[in-house]
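First the structure, in the form of structure tokens, and then the observations on it.
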Amino acid sequence: MKLNYKIIILIAIVAGMVQSCKKYLDVTPDNVATIDYAFRNRNEAENYLFTCYSTLQNMVPSNNDAAFTTSGEIYFPNTLTEATLGNREAEQGFHLIRGVQNTDNPSLNYWDGEQLGQPIFKAIRRCNIFLENISKPKDLPQFERNRWIAEVKFLKAYYHFYLLRMYGPIALIRDNLAIDAGTEEVRVKREPVDACFQYITSLLDEATPDLPRTIQDPAQSLGRITQLISLTLKAEILTTQASPLFNGNRDYASFKDKDGVNLFPAAFQAEKWSKAMLACQEAVKACEQSNMSLYHFVSPGNLPTIPAPLKTVMDIRQSITENWEKNSEVIWALNSSFNLQSMAMPRLTAAMVQNMGGAPGNFAVPIGMAELFYSKNGVPINEDPGYDYRGRYAVATVAADHKYYMKSGYQTIKMHVDREPRFYADLSFDGSCFFGNGQTDPENMLFVQARGATSIAGPKDNIRVNVSGYWPSKLVNYQSVFGTEVTQAGFKLPLMRLAGLYLLYAETLNEVNGPSAEAYSYIDKVRARAGLKGVQESWSLYSSNPGKAASKDGLRAIIQQERRIELCFEGRIGWDLRRWKIIQDVLSKPLQGWNIQDATPEGYYRQRNLVIPSFGLKDYLWPIKYNDLIVNPNLVQNPYW
Amino acid sequence: MNQNFTILVRRRPYSGNLWILFAILGIGILQLINPAMAQQGNTFKITGTVKDSLGLGIPGVSLQVKGQSNMGSVTDGDGKFTLNAIANATVVVSSVGFKTKTFIASLDKTRVDLILSSDDNNLSDVVVTAFGKKERREAMVGSVTSITPSKLKIPSSNLTNAMAGQIAGVVAYQRSGQPGLDNSSFFIRGVTTFGYKQDPLILVDNVELTANDLARLQVDDIASFSILKDASATALYGARGANGVILVTTKEGVEGNAKVNVRFENSISQSTQNLDIADPITFMKMYNEAITTRNPLGVPRFTQNDIFNREQTLNNAPGSNKYVYPAVNWIDELFKESTNNQRLNGSVSGGGKVARYYIGTSYNRDNGILKVSPVNNFNNNVKLENYQLRSNVNINVTKTTEIVLRLSGTFDEYNGPITDDGSFSADLYKKALHTSPVLFPAFYPADPSTGIDTHILFGNSSTEGTGNTVGYSNPYADMMKGYKSFSRSRMSAQLELNQDLGFLTKGLSFKGMFNTNRYSYFDLTRQYSPFFYNVASYDRISNQYSLNWINNQPGQASEYLSFEPGFKDVNTFVYMQGVIDYSRQLGNKHNISSTIIATRQQRLYANATDPQTNLPSLQYSLPYRNVGLSGRLGYSYDSRYFAEFNFGYNGSERFAEKNRFGFFPTIGGSWVVSNEAFWNANVKKVMNKLKVRASYGLVGNDAIGAQRFFYLSNVNLNGGNPAFFGQNNGVTRPGVSITNYANDAVTWETSRQTNIGLEMSFFNSLNIIAEVYKQHRYNILMERASIPTSMGLESAVSANLGTADSRGIDFSADYSKTFRGGFWMSGRMNFTFSQNKYGQYEQPAYREPWRILSGQKIGVRWGYIAERLFVDDQEAAASPAQLFGSGASAPKGGDIKYTDLNNDGKITEADQVFLGLPSTPEIVYGAGLSMGFKKIDLSMFFQGVGRTSFFINPSDVSPFLQNRQVLQVFADSHWTEENQDLYAKYPRLGTTAPEISNNLQTSSWWMRDGAFIRLKSVEIGYTFPDKLAKKAFLSNCRIYFNALNPFTWSRFKDWDPELASNGFSYPIQKVYNIGINVNL
């Protein structure tokens, strides 16, 4: 019995130990951070608001942007001995025009956030978390709460629109699904494009009233969403909806989801253009009421007097690279600076040769793109009887009247002579002058020497080389200095600027009413800043097709070329070429460059094929990754993929 | 040279005070010794016990008074004996399996307790099982392999490298030979899960430690080394034992005079195999070929003149200049043939009635094989120094109470070159192979034209056509520019209380234990930025050249050292354990034994960082805790039938309250057939032992993922997704990110194990143990594959969905026999086969059956099936499209042709299949033979692995990519337009990754057989005759010569096959060692 007693005590001790053990394992205190803490007060909620913005701020048009890389405006070689963008993966967007897109692991995959794509669905989920919880902070004033809600609704709309532009019909994430939602529930479907457009514009309509018209405290808040941005985005969205890709596109007429629902509208609807025109009109009006205007260069005090031709060049260049708060034209830019100036910069000096990695200058503009720019008379070079179009590749010497564009007396070709100012402002090429890079004496500008390996800008290796002979120097701030040391003056690449909105408005006006004085006037504003005469005047005076501007089709072509010139290299044209449904034509010809290894003008100015682009019908829309279709059997793949 | 940046690298004793403390402690205990004195007398009676080194009585030991054939006795079942003896006569004590011992009978010492040490050549009859419990092998029900520690003695200071092939049931392999980073990977019964933790639980004196701690243990300090393999053996560890347990105990003092053991070894270490690289001339010719074969219009990189001048340099022709026309063998520049390592260890043990002590110390120095140039006054060769101290003291406080105090410290000091990836793995082999052999020399001699003699004039080349851009990596400069070191220490203090509670009831005892250990680690880097020069001009006639400083911009080169602090890690560990034991014989034949164990442990990390974000994290700073209650109930009948029930009831803080505790029961039984009455003497003559055993049960694994608390979400409210606004982007917030979502359903991984074992012994000399097992692992945590991206989740959601199945065989046999005339020999072999497969594995519903992982072996790679090389460009163009990556070029003739399995006209991921065998070998085996004649002994041990594949990483070996050099094997065999060998070792050459991206895919082309067999060790020793030793006041003295890894046989010849894919890592070392072992 005595023994039993002891055993009972032992068992009791053991049982007591087990009890205390349970407490021993409770190591987590109550205040471990969970998502609830993100909305405890205004400061935490503001932090979350910024998080909703963060994906957006990573979407500056650049090597990760489909429009920037696949529009045929910039060619990036696939034969560099070393990767200059950090790694080979960073180049992949530029290689898509070779026809290498695939469904296994698509490049620029914004659906999954892979292969340089941003994870947009994550961003949308964050927006929804914000909208679900923003009622919680007690110290958040109502007006501020409303503004924040409006901003996040805008972001949610923009994220959806970004996917819509790439993929066509998408899954709309109106509300977040619970983390433990059932398998069937999470298998969302793609919705018809018009439903997508409808949902996105309705979000913008909800957001606009509570947004500030413009930013009142730019030092603090520049970059936050405003009414002007929201209205302009709505104009762009509705124009996209009205454009041929989405409006009565026969190629997609039979595109259905698994339940047989048509995902694209079968027939063209003209009233979509009217809606788009009204939205453009509202946006233009709002911008003008807010004193926005096309930018003109105001020379800072430390610069010498700028002669008129150079002033026009600087008007054009600085409309992109001028600081946003000083730029009356920029409606919206992202706060992250454009990060590839060094790719657009030609080598100008011996110091840059010493530090070739500082400015590799790999962005090569194809010859075809250079030919797109107008003659000095403001009409296409193949329409200008006064322009020796056939003899354009003949060697010529730069005359003194071009000295602010090109090095006087330098050997060049006729094609580089007598072009519109935007040609000289946006491109650098063999013999072209460059205002900036530390040398701001207009009479003594640095100029490009690019013929053969021994020239400064020529191909010294197979790494830091520009294979076409044209640099998109529009994307370089004149205040950046590349040398043995590199000092980049950053700039925010505009996502929306007034010139673009004017041309958009003109486009919708033409589509709705045909050529009209109002339509001309908005094109002419843009042309005037570029130093060109108006559309009617230019065509009637200088074009071999003087009636072009008077017909709806003719004016459409004029607007499209104007837009392609004005907005070149800004990451916009790729989307336009797609929605106009003409990118297949544009990319049907080989992209060409000059014979860069040759040192003589005669040898240098021979065309070489860089690549024959491959752009098929299927490439209008991005493929959805094969794996996604398996994980979610309710998704359908885009046509022809 | 270098007077401008003199620095002192002087090693400070890590903890001088500690050494003194240990020494005092040791001396104090020596005072307790009370040597017995011998006296003369007549016939009298001696009683006593004979026990083994683990304290268990040995039955059947014979005691014989020398010269008195009538005076002898045999111990009973508990090891007790009574013996009539004459004073001052010598008594010989002997038993099979134990070393024979003698003592002098003495009148005033009628009680004699003896301990026999086991004979190394036999499997020990006593096995250390869970929680250090010692059991007779006969009574074992579970699967436990124990190995005589001395078998693990190899000339290396890393214990883990001795395990492969030595222990049935252990799969081990070594993937690097670099001192300090040369741990073998080891798994018990293979990789039995695809979950997070796959390696076994390691316990040293019952305390959970890491593989690094195990690696540094000194074999001479180890008393027992056991591997617990099946559910019955590991069940007491409950939620931690599913991957098996390695159990090590350290030596304790034995009553008697102080015994001193000193061992010194000096070894010469060299690479088992060096990479064979093509000579510079071949390099240049192949480079030109690589350009022109891809682009017929391409300009060859090297002109005929370039090649000729390098030939002149190589021939040392008159007028040649090796600085202007360099032809460098980088491997020779960086590495020497061999290096010297030293190991010294010693121990003192002994004790008296009251206290016993064991003090072990050791010092190991492992040097790398880098060449150290005298131009630097710091030494950046790889060097690992390890110091250790260990003191185990047992004190009998009362007759029934024993206190054991264990103090130990292990200290590592590492010094090595700087690596690019921030790790410590010396990537100099990789660097030596990734630079041009013909563009620049390693360095220029001090150049009178520049007058510079304060720094080394490293060679480099600017990129073609440019002036001042450093274009290449100079591995010599990388090696010389500085060094990186780490310091690691662990101090452990452990107190044990063993109380015999026999006064309460017979057979009851209590053991308590407390351990705490403190770990600290830091690393740092000191380096200068090298100065690079190239030849500016060269006058052939006067043979004079002048140099041009390439990186001459401010901040690019410096003569002084910069300092960079590195990673710091401090953690603490506290462990408590209480054991109540009750065992009793009831009646004649019934035996019961029972144990109840309670444990708790806690670990705390000072640098609590979230492994996903690498940011400090509150959750990771909270203590890691485990509690457990486990028990065992054993019953045996007449030493014939044994049954055992074990359970573990464990809790881990990582799970939600409802899932926090797990119960893991096992049952097992065994039948000793040879103890049956029908097993008569005749049978016993042939087969003296036969035992069958079986066990079945559950064990768990709570280390199932990196996430800290599965039931809590982990939100970083201060980092992750920032945004910024304002003119200068001045207003910014760090943003919020979610690293984990809460999931309170997550629970353990559980393993259901069945084990059947057979133990046999023939002719008293051949012992065989064979086991087969099956395991089913379930509740493996894995990421859900069924959640579409459109959910927008920021982190993956996991669930206990996966299962895995394993089966295998462990087999070991040993044989030992002593022949007349003093010749003895013993042999042993063991064999481990384990096969592990994915069971349930959630994957998207692929259309192609060959993509389904379920049913595939764990650790198998997937890739394309390479058929052969394309015959010509036409065939390549006409075949299914093979385009990999956006910038890729289409394949040409001589590129690898893949099979289009799903016939969709293009080679995509869907055409990948599972290739070959797993990277972890399915078979590991070893066999050894030892023999001796009188004072000379010889032993050798072979080890091998089978059924394993590895893949050469084509991105690592392809010539010219990233300036890579050419392996000789590819120089000898590659596809060329002249020699269109469709099965050449290397496909058509190319110089850029996009050009040859087709050939860089994982495919069967690059798959190799990883099987090998090697002579792992061979040893010859000589023990000095007693007389000679006595003269030198030594009780024993042995010198030996041994070699590690002297020969390897494998189908794969390009580098040591054990390195597998890691062909460019620091090679496995071949060691020739001479050692002396002295006992006082």
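Protein chains get the first letters and strands the later ones, always in sequence-line order, with residue 1 at the start of each. These values consider heavy atoms only, across backbone and side chains, with no hydrogens, waters or symmetry-generated copies.
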Go through the atoms of [X] and report whether side chain, backbone, both or neither lie under 4.5 Å from a heavy atom of chain A.
X	result
B:V797	side chain
B:Y846	both
B:T732	backbone

**Study point:** Side-chain donor-acceptor pair present, B:T908, A:Y626, cut-off under 3.5 Å
**Key:**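 Absent: no donor and acceptor within the cut-off.
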Look at [options] and state which one has the largest set of heavy-atom pairs under 4.5 Å with chain A.
options	value
B:V715, B:L961, B:N721	B:N721
B:T991, B:L883, B:L793	B:L793
B:R654, B:E995, B:R294, B:E909	B:E909
B:P994, B:G792, B:G720	B:G792

If we only count heavy atoms from C-beta on, is the [X] to [Y] side-chain gap below 4.5 Å?
X	Y	answer
A:T51	B:P722	no
A:L80	B:T992	no
A:V27	B:Y624	no

Practice item. Could you tell me whether A:R125 and B:E794 have a side-chain N and a carboxylate O separated by less than 4.0 Å? Key: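 Salt bridge flag = no for B:E794 with A:R125.
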Check your understanding: Does B:R660 pair with A:D26 as a salt bridge, N-O distance under 4.0 Å?
Key ->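 A salt bridge is present here (some side-chain N lies under 4.0 Å from a carboxylate O).
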Practice item. Using ring-ring contact (aromatic ring centres under 6.0 Å, His included) as the criterion, list what pairs up with A:H95, not counting sequence neighbours. Key: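 Residues passing ring-ring contact (aromatic ring centres under 6.0 Å, His included) with A:H95: none at all.
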For [X] and [Y], work out which heavy atoms get closest and say how close.
X	Y	value
B:S713	A:I35	OG-N, 4.4 Å
A:N632	B:P788	CB-CB, 4.1 Å
B:P844	A:I630	CB-CG2, 3.4 Å
A:F121	B:T789	CB-O, 3.5 Å
B:S790	A:I173	O-CD1, 3.6 Å
B:N626	A:Y24	O-CE2, 4.0 Å

Practice item. Hey, could you give me the OG/CZ distance between A:S54 and B:R733, rounded to the nearest 0.5 Å? Key: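 Reported to 0.5 Å precision, the distance equals 14.0 Å.
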Point to revise | Whether A:Q57 side chain and B:F724 backbone form a donor-acceptor pair below 3.5 Å | key: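 Yes, A:Q57 side chain to B:F724 backbone: donor-acceptor pair under 3.5 Å.
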Exercise for review: Decide if the gap between the ring center of B:F725 and the ring center of A:F50 is smaller than 6.0 angstrom.
Suggested key: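 Ring centroids of B:F725 and A:F50 are less than 6.0 Å from each other.
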Check your understanding: salt bridge (charged side-chain N to carboxylate O under 4.0 Å, His left out) with A:R187: which residues, sequence neighbours excluded?
Key ->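 By the salt bridge (charged side-chain N to carboxylate O under 4.0 Å, His left out) rule, A:R187 matches A:E184.
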